Asks: 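I have a structure I would like to understand better, so I am pasting it below and will then ask my questions one at a time.
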Amino acid sequence: MPLRVELKPFERIVIGESVIINSGVRTSFLVDGEAPILRERDTVTAETANTPAKRLYLCVQTMYLKNDVTRYRESYLGFIKELRDALPAPAI
């Protein structure tokens with residue numbers, strides 16, 4: 001089933017390894033296929049990944065967009081540990 005996407009003027013969307021930038025008017029289109037899709041507003045960049053949670057999100061985002069879980073697995077596990085270490089100890 002195709003995904004219906006609506007974009008505001010100049011909004012961006014990542015489809016596979018391509019970034020699509022909308023023109024100056026609101027538009028909608030259908031995407032049919034197996035390519036990963038992520039709106040720009042849902043992305044995290046290396047510059048904005050300034051917390052353990054955001055670094056983990058960036059790693060998961062990269063795994064998804066590159067469709068290569070194996071390549072980023074070690075980094076993912078490191079970010080999970082970093083996030084776990086940053087959490088306060090549970091109250092007993």
Side-chain angles (χ1 to χ4, degrees):
M1 171 187 258
L3 172 68
R4 182 169 188 254
V5 177
E6 291 189 28
L7 296 177
K8 297 175 187 172
F10 305 106
E11 187 176 8
R12 297 168 188 244
I13 188 167
V14 179
I15 300 178
E17 294 191 23
S18 300
V19 177
I20 296 173
I21 305 168
N22 191 20
S23 65
V25 295
R26 185 176 197 89
T27 191
S28 67
F29 56 91
L30 299 174
V31 179
D32 195 3
E34 299 296 319
I37 299 171
L38 194 60
R39 287 182 179 272
E40 181 183 37
R41 68 178 177 228
D42 297 325
T43 62
V44 173
T45 65
E47 294 78 30
T48 61
N50 55 5
T51 66
K54 287 181 181 179
R55 284 188 284 277
L56 176 61
Y57 185 96
L58 176 62
C59 183
V60 171
Q61 169 186 296
T62 304
M63 293 165 88
Y64 170 67
L65 290 174
K66 298 288 186 184
N67 195 21
D68 194 352
V69 173
T70 306
R71 179 176 174 191
Y72 298 97
R73 187 175 192 280
E74 191 172 321
S75 295
Y76 171 81
L77 294 173
F79 290 127
I80 289 285
K81 182 182 180 330
E82 180 185 359
L83 179 61
R84 190 176 289 154
D85 292 345
L87 295 174
I92 298 177

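No experiment lies behind these values; they were computed from the predicted model shown.
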Asks: Can a donor-acceptor pair be found, under 3.5 Å and without considering hydrogens, that links the side chain of Tyr76 to the backbone of Thr70?
Replies: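 Answer holds: no.
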Asks: Look at the side-chain heavy atoms of Ile, Leu, Val, Met, Phe, Trp and Tyr, link any pair under 4.5 Å apart, and say whether Val60 and Val44 land in one connected group.
Replies: no
Asks: Which heavy-atom pair separates Tyr72 from Cys59 by the least distance, and what is that distance?
Replies: O-SG, 3.9 Å
Asks: For the hydrophobic clusters of this structure (ILVMFWY residues joined by side-chain heavy atoms under 4.5 Å, transitively), does one cluster hold both Val14 and Tyr64?
Replies: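 Val14 and Tyr64: one cluster.
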Asks: Enter the distance from Ile20:CD1 to Phe29:CZ here, rounded to the nearest 0.5 Å.
Replies: 5.0 Å
Asks: What pairs of residues pass the salt bridge (Lys or Arg N to Asp or Glu O under 4.0 Å) test when at least one of them lies in residues 36-65, not counting sequence neighbours?
Replies: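 Sorted pair list: Glu11-Arg39, Glu11-Arg41, Arg12-Glu40, Arg55-Glu82.
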Asks: What are the two closest heavy atoms between Ala46 and Leu58, and how far apart are they?
Replies: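 Smallest interatomic distance, heavy atoms only, reads CA-CD2, 3.8 Å.
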Asks: For Ala53, enumerate each residue passing the side chain to side chain contact (heavy atoms under 4.5 Å, CB included) test, keeping only those at least two apart in sequence or located in another chain.
Replies: Thr51, Leu83
Asks: Are Leu30 and Val25 linked, directly or through other ILVMFWY residues, by side chains that come within less than 4.5 angstrom of each other?
Replies: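 Each belongs to a different hydrophobic cluster.
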Asks: Starting at CG of Asp32, measure out to CE of Met1 and round the result to the nearest 0.5 Å.
Replies: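 Between Asp32 CG and Met1 CE, I get 10.5 Å after rounding to 0.5 Å.
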Asks: What is the distance from atom CG of Leu3 to atom CD1 of Ile13, rounded to the nearest 0.5 Å?
Replies: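 Leu3 atom CG to Ile13 atom CD1 measures 7.0 Å (nearest 0.5 Å).
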Asks: Which residue pairs satisfy the salt bridge (Lys or Arg N to Asp or Glu O under 4.0 Å) criterion with at least one member in residues 63-81, sequence neighbours excluded?
Replies: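 Counting only pairs at least two positions apart or across chains, the salt bridge (Lys or Arg N to Asp or Glu O under 4.0 Å) contacts touching residues 63-81 are Lys81-Asp85.
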Asks: Just verifying a value: how many Å separate Leu77 CG and Leu56 CG, rounded to the nearest 0.5 Å?
Replies: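 So the CG of Leu77 and the CG of Leu56 are separated by 10.0 Å.
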Asks: Spell out, yes or no, whether Tyr57 and Ile80 are grouped together once hydrophobic residues are joined by side-chain heavy atoms under 4.5 Å, including indirect joins.
Replies: no
